[in-house]
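A short write-up of the structure that comes next.
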Number of protein chains: 2
Amino acid sequence: MQAGSSGGGSRGPQALGSGDGGRVRDSKTKHRTYEPAYVHIVRIVSARIAAGEYRPGDQLPSESGFCAEFDVSPMTLRRAVNILVDRGLVTTAQGRGTFVRGLYLGEASFTLQQLTDRWRDASTEVRLLTASIVPAREDVAVMLGLGPGDSAVFLRRLFLNDGHPFMCHSEFVVYDPRRPLVESQLQITSLDGVLKSAGGEGFARARLSIRAVNLDDETAGYLERPAGTAVFCLEHTFEDFDGAPVSWGQFYFLSDEFQLVTTLGADWPE
Amino acid sequence: MQAGSSGGGSRGPQALGSGDGGRVRDSKTKHRTYEPAYVHIVRIVSARIAAGEYRPGDQLPSESGFCAEFDVSPMTLRRAVNILVDRGLVTTAQGRGTFVRGLYLGEASFTLQQLTDRWRDASTEVRLLTASIVPAREDVAVMLGLGPGDSAVFLRRLFLNDGHPFMCHSEFVVYDPRRPLVESQLQITSLDGVLKSAGGEGFARARLSIRAVNLDDETAGYLERPAGTAVFCLEHTFEDFDGAPVSWGQFYFLSDEFQLVTTLGADWPE
DNA sequence: ACCGTCAACTTACCTAGATAACTACAGAAT
DNA sequence: ATTCTGTAGTTATCTAGGTAAGTTGACGGT
């Protein structure tokens, strides 16, 4: 096969520079599509798995075998294998070998990236519906670690696309005059800004959960859907570096506008 | 910025023992808690980020600086940095430095692992409600790439915990007498089995999506909830190595029994 | 038949060092 | 003032090995 350095044989003292040895990486056109060897190997092996050349359960060639095939050093190959491992495509068992894994639904992972991808370039408008200092309700006090009588800042935002609302955000922030947090939050005018602002500077950790809920009357009004419509509810809690909660809130977004999507298997869109 | 040796130089001996002959790896007690140096470094740097010692936006010490501090070779340090990068804790910019990243909601990732964790050991019962060969409906034919008049195998399963149903699964499988797929599927009696079976051997790829939907009357009956209740709908399509769809179906599961949860930031449970 | 030892193979982890490419900045040339 | 150029500092990648440790199976002793 020699998928790696097709040229063969002569390996110079050092691969990268010398213009004579025709290696994979020479395909760089000055500074455009340079691809590191380990990435190349990952792609090749992934493609073989995707094509069924290596089937689930099969044992891959040994590391030294791959080293010979691709004509790279063990370290480089090892790096490629590590990537395959934590993409979940293969398993390595010390002393036995490397094996192709089957798909396992339980390992699917979904990201919120799609949420911003969906609306990043679009004509998305962020409308600040409410911004006020309120006495903390029972649940708010619990989530933010406040005492009775303490206050919190309440924010509510509506996100629209072409005039149609698709997401609603409610948030309670600990009120701390020393922290100019709230003011900066008020400036936010983009979806991206909202998502980034939360974790901007002063936060160390976030805890997130997604549920499927029926729209309550109020939120239904904002989103212009009938009450009871099933929507996603993304709940978030942010903590500062001392572990104290700083912010708690929920995003409600319409499922017919946005779904969590992912793929499993060896054809990662890379 | 230079979060590096901010605290006034003396980072202290805490780092990696160093001393003279005392290296990280000496901490292994024969064969117990041996921890590779790069893992150790990842943990130390993560902890510093979590503690706010390195803040978002700060520039980390240079690689050679870290090499000196931890007394490891550039290669080892580089491996640690790579891990931090693809955990999303830091960014590296060639020629500029390594920087601590802030949190970004869009990068949160949720896995279905929790689904099996939640019910793996529990007294979970899988009840096969339906298993029949049916002419493919319009939508089924489209999803499975069947012609008019073709047949599909229809399966419906109900998952119960302590007698209470929490999930319902409907699936259409391409009917191929040569493939003993269906029979093996009929044997499945555990949640884990269902999740694994799908991707067991003959599948190359899976496409998954999650929506929030209102329960229809029939499914509501199975799940013993009022129609209209908001639930998660996990839709799946499996393809074989030729890219032909083989199976299509949906899991409906109750959101009050299961949520997608994750955390963001530098306190990875590890 | 059973069990322990050992060698071969494989993966896991690491070191030392070199080269390439990128960025920023200062200083020279225009 | 502007542009070019060199230099220092940074990360990115790779080579060429070596050591440690788990797995397997054959071999020999009991």
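These numbers come from the heavy atoms of this one structure, side chains and all, not from hydrogens, waters or symmetry mates. Within every chain, numbering begins at 1; the chains are lettered A, B, ... in the order of the sequence lines, protein sequences first and strands thereafter.
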**OP:** Apply salt bridge (charged side-chain N to carboxylate O under 4.0 Å, His left out) to B/Arg207 and list each qualifying residue two or more places apart in sequence or on a separate chain.
**Re:** B/Glu239
Original post:
Nearest to the side chain of B/Ser73 - D/dA12, C/dA16, D/dG17?
Top reply: C/dA16
Original post:
Does a side-chain N or O from A/Tyr38 land closer than 4.0 Å to OP1 or OP2 of D/dC14, or not?
Top reply: no
Original post:
Atom CG of A/Asp71 and atom C1' of D/dT13: how far apart are they, to the nearest Å?
Top reply: 16 Å
Original post:
Which whole-number value in Å describes the distance from A/Phe66 CZ to C/dT10 C1'?
Top reply: 14 Å
Original post:
With a non-hydrogen cut-off below 4.0 angstrom, is B/Thr92 in contact with a base, only sugar-phosphate, or nothing?
Top reply: sugar-phosphate
Original post:
Any idea which of C/dT11, C/dC13, C/dT15 is nearest the A/Glu63 side chain?
Top reply: C/dT11
**OP:** For B/Gln59 and D/dT10, give me the distance from atom CD to atom P, rounded to whole Å.
**Re:** 8 Å
**OP:** Using the test side-chain contact (heavy atoms from CB on, under 4.5 Å), find all partners of A/Pro61 that sit at least two apart in sequence or belong to another chain.
**Re:** A/Tyr54, A/Phe66
Subject >> Sugar-phosphate, base or nothing in reach of B/Arg78, heavy atoms under 4.0 Å >> reply: base
**OP:** Return the value, rounded to whole Å, for the distance between atom CE of B/Met75 and atom P of C/dC13.
**Re:** 13 Å
Subject >> Listed partners of A/Ile83 passing side-chain contact (heavy atoms from CB on, under 4.5 Å), at least two apart >> reply: A/Tyr38, A/Val42, A/Arg87
Original post:
So, B/Glu171 side chain and B/His236 main chain: donor-acceptor pair closer than 3.5 Å or not?
Top reply: no
**OP:** Between A/Ala93 and B/Gly97, just flag the one whose closest nucleotide in DNA chain D comes earlier from the 5' side.
**Re:** B/Gly97
Original post:
Starting at CD1 of A/Ile83 and ending at P of D/dA12, how long is that distance when rounded to a whole Å?
Top reply: 13 Å
Subject >> Closest nucleotide among C/dT11, D/dA16, D/dT13 to the A/Arg79 side chain >> reply: D/dT13
Subject >> Minimum-distance nucleotide to A/Thr98 side chain [options: D/dT10, D/dT13, C/dT11] >> reply: C/dT11
Original post:
How close or far is atom P of D/dA16 from atom CG of A/Leu77, stated in whole angstroms?
Top reply: 14 Å
Original post:
Listed by chain and number, what are the side-chain contact (heavy atoms from CB on, under 4.5 Å) partners of A/Gln94, not counting sequence neighbours?
Top reply: none
**OP:** Round to the nearest Å and state the distance from B/Asn82 atom CG to C/dC13 atom P.
**Re:** 15 Å
Might you list the N or O atoms of the protein lying below 3.5 Å from N or O atoms in nucleotides 4-9 of chain D, with each pair's distance?
{"residue": "D/dG9", "atom": "N2", "partner": "B/Gly95", "partner atom": "O", "Å": "3.1"}

**OP:** List for me each residue that meets side chain to side chain donor-acceptor pair (under 3.5 Å) alongside A/Ser109, sequence neighbours excluded, and say none if there are none.
**Re:** none
Subject >> Whole-Å distance separating the CG atom of B/Leu84 from the P atom of D/dT11 >> reply: 13 Å
Subject >> Minimum side-chain heavy-atom gap A/Arg55-B/Phe241 below 4.5 Å >> reply: yes
